[in-house]
Protein chains: 2
Amino acid sequence: MSITASPVTGSTTREAIAASARAMFAERGYTATSVRAIAAAAGVDPALVIRHFVSKEQLFVAVMGWTENPGPELDGPLETLGRTLVAHVLDPARDAERRAYATMVQASDNDAVRASLRDAARVHFIDRLTARLPGADVAVRAELIAAQLGGLMQGWPTIAETLADDADRARVVDLYGASIQALVDAG
Amino acid sequence: MSITASPVTGSTTREAIAASARAMFAERGYTATSVRAIAAAAGVDPALVIRHFVSKEQLFVAVMGWTENPGPELDGPLETLGRTLVAHVLDPARDAERRAYATMVQASDNDAVRASLRDAARVHFIDRLTARLPGADVAVRAELIAAQLGGLMQGWPTIAETLADDADRARVVDLYGASIQALVDAG
DNA sequence: GTCTATACGCTGATAGAC
DNA sequence: GTCTATCAGCGTATAGAC
């Protein structure tokens, strides 16, 4: 690993590929985005994309993966954790992350993508939540809460269509939060 | 393996294509299953697959879609609806249906597949549930319950790995059922 | 009306020369 | 490191034989 002037980036080319890949995958999904299109948008040769990232699926995982951000806040009070989690997930500022999750799920037709998604959810969320939950069956309950949040993120575009205003969005936070809270308190 | 008698429109060839498509999509997913492989398994020419079903995505929707079965039982008592729904969804006898759902979600990278999935969920489940729920915000609550069940079906293979025995499965029905029941009662 | 043969333009990926 | 050339496989269209 050579160290260059910039802290995070390696080569400029690699960065350019990653940037256009991130944008195109997010906008059009995995299948509809071709390696050639990514290369064209980045102004490089298609073969370079593979040279740098080994395969399209590894590029996707590298670029869409739950890389750095800490996952939902789990440090708040247990009594309101359900609500906190839902508010976090539906936060308009986190739109891009939510879309990235949905994009990964919809690309999980692919084995490597599915495995990466499961591992990331485990490390960044389920294990930490398991440690945080009180009472019995903590591992199962953490898994179930993750399933509920996954369903919410996945279904959110459809759900949002049926909402009239921001008050309705707040109502969703209340309703879904209370439902998850039942799992937090179930131990 | 014999092919059943043709219904009104069906030719034997069409049936054979549908049968092998259903099996291969279920086993390997959408992307990994090629039109040519379906044709080979059915013993027909690849072009015939397209002739009969117009496109790969339409074949997938026709064959994997929520075609006939009535969707979850919504006619039981409201007081235990949450539990009933979860028990229905996790019923080992319904393994194939659950897998089909997950396969469709994972193929929903594709616009037509995603649209079909959303429409089917609406017609077969959400609209009926909306009519059944008491109180306020019934449409939103029905949508949220659908999201929770979707998350459960999607996450079930992973969840099942963390369960030790059938008692744990029963515990999941209790826990998740109670959580959904909170949405049923929230009106 | 089925069905076969062939072909087109795309895909992700590789080998090897600069 | 980068580019050229090329690969086998994909979904699909079409022309024409039964």
Side-chain angles (χ1 to χ4, degrees), chain A residues 1-6 9-22 24-25 27-64 103 106-114 116, chain B residues 3 5-22 24-25 27-64 106-114 116:
Chain A
M1 305 179 198
S2 66
I3 297 176
T4 62
S6 52
T9 76
S11 81
T12 305
T13 300
R14 196 186 157 90
E15 274 300 297
I17 293 169
S20 62
R22 195 154 14 230
M24 299 190 77
F25 281 140
E27 196 180 320
R28 291 141 71 144
Y30 181 77
T31 309
T33 301
S34 73
V35 170
R36 285 163 161 88
I38 292 168
V44 305
D45 189 275
L48 271 182
V49 175
I50 300 296
R51 264 257 176 275
H52 278 288
F53 291 94
V54 181
S55 69
K56 182 188 178 184
E57 74 182 14
Q58 287 190 43
L59 169 59
F60 181 78
V61 168
V63 133
M64 301 295 289
T103 301
Q106 287 161 11
S108 63
D109 189 35
N110 180 300
D111 286 345
V113 172
R114 195 165 54 251
S116 156
Chain B
I3 308 291
S6 320
V8 180
T9 67
S11 74
T12 303
T13 300
R14 194 186 159 91
E15 281 295 302
I17 292 169
S20 63
R22 195 155 12 231
M24 298 189 78
F25 281 139
E27 196 178 323
R28 294 145 63 150
Y30 181 77
T31 308
T33 301
S34 73
V35 170
R36 285 163 158 88
I38 292 167
V44 305
D45 189 275
L48 266 185
V49 174
I50 300 297
R51 259 255 175 289
H52 278 288
F53 290 94
V54 181
S55 70
K56 182 187 178 182
E57 72 182 14
Q58 287 190 41
L59 169 60
F60 181 78
V61 168
V63 131
M64 301 295 289
Q106 288 162 10
S108 63
D109 188 35
N110 180 301
D111 287 344
V113 171
R114 194 165 55 251
S116 156

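Every chain is numbered from 1, with letters handed out A, B, ... down the list of sequences. In this text, all values refer to a predicted model and were calculated from it rather than measured experimentally.
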If you check every side-chain atom of [X], which of [options] has the closest atom?
X       : options               : answer
A:Ile50 : D:dG11, D:dT2, C:dA13 : C:dA13
B:Asp45 : C:dA5, D:dG16, C:dT11 : C:dA5
A:Ser34 : D:dG11, D:dC3, C:dT11 : C:dT11
A:Arg51 : C:dG12, D:dT2, D:dG16 : D:dT2

Inset, instruction - Output the distance between atom CZ (B:Phe25) and atom CG (B:Leu59), rounded to the nearest 0.5 Å. - result: 4.5 Å
Inset, instruction - Look up atom CG in B:Asp111 and atom OG in B:Ser116, then write down how far apart they are to the nearest 0.5 Å. - result: 12.0 Å
Rounded distance in Å - [atom1] ([X]) to [atom2] ([N]):
X        : N      : atom1 : atom2 : value
A:Asp109 : C:dG12 : CG    : P     : 15 Å
B:Lys56  : D:dA13 : NZ    : P     : 14 Å
A:Ile17  : D:dT2  : CD1   : C1'   : 11 Å
B:Gln58  : D:dA13 : CD    : P     : 10 Å
B:Leu59  : D:dT12 : CG    : C1'   : 13 Å
B:Arg28  : D:dC10 : CZ    : P     : 10 Å
A:Leu48  : D:dA5  : CG    : C1'   : 15 Å
A:Phe53  : C:dG12 : CZ    : P     : 15 Å

Inset, instruction - Using heavy atoms to find the nearest nucleotide of DNA chain C for A:Ala37 and A:Val54 separately, return the residue whose nucleotide is more 5′. - result: A:Ala37
Legend entry - Nearest-nucleotide 5' precedence on DNA chain C, B:Gly43 against A:Ala47: B:Gly43
Legend entry - Phosphate-side-chain proximity, A:Thr13 and D:dT2, N/O vs OP1/OP2 below 4.0 Å: yes
Inset, instruction - Compare side-chain N and O positions of B:His52 against OP1 and OP2 of C:dG1 and report whether any pair is under 4.0 Å apart. - result: no
Legend entry - Duplex segments of DNA chain C, taken as runs of at least three Watson-Crick or G-U pairs that stay under 3.5 Å: C:2-18 with D:1-17
Inset, instruction - Determine whether any donor atom in the side chain of B:Arg36 lies under 3.5 Å from an acceptor atom in the base of D:dG9, or the reverse, and answer yes or no. - result: no
Inset, instruction - Please examine the side chains of A:Gln106 and B:Gln106, heavy atoms only from C-beta on, and report whether any two atoms are closer than 4.5 Å. - result: no
Inset, instruction - Under 4.0 Å between any heavy atoms, over every strand shown, what does A:Thr31 touch: base, sugar-phosphate, or nothing? Just pick one. - result: nothing
Which donor-acceptor pairs under 3.5 Å do side chains of residues 38-56 of chain A form with protein atoms, sequence neighbours excluded?
{"residue": "A:Asp45", "atom": "OD1", "partner": "A:Ala47", "partner atom": "N", "Å": "2.9"}
{"residue": "A:Ser55", "atom": "OG", "partner": "A:Gln58", "partner atom": "N", "Å": "3.2"}
{"residue": "A:Lys56", "atom": "NZ", "partner": "A:Tyr30", "partner atom": "O", "Å": "3.0"}
{"residue": "A:Lys56", "atom": "NZ", "partner": "A:Thr33", "partner atom": "O", "Å": "2.9"}

Legend entry - Shortest non-hydrogen contact between A:Glu57 and A:Ala112, atoms and distance: OE2-CB, 3.4 Å
Inset, instruction - Return yes if some donor-acceptor pair links the side-chain N/O of A:Asp109 with the main-chain N/O of B:Thr31 below 3.5 Å, else return no. - result: yes
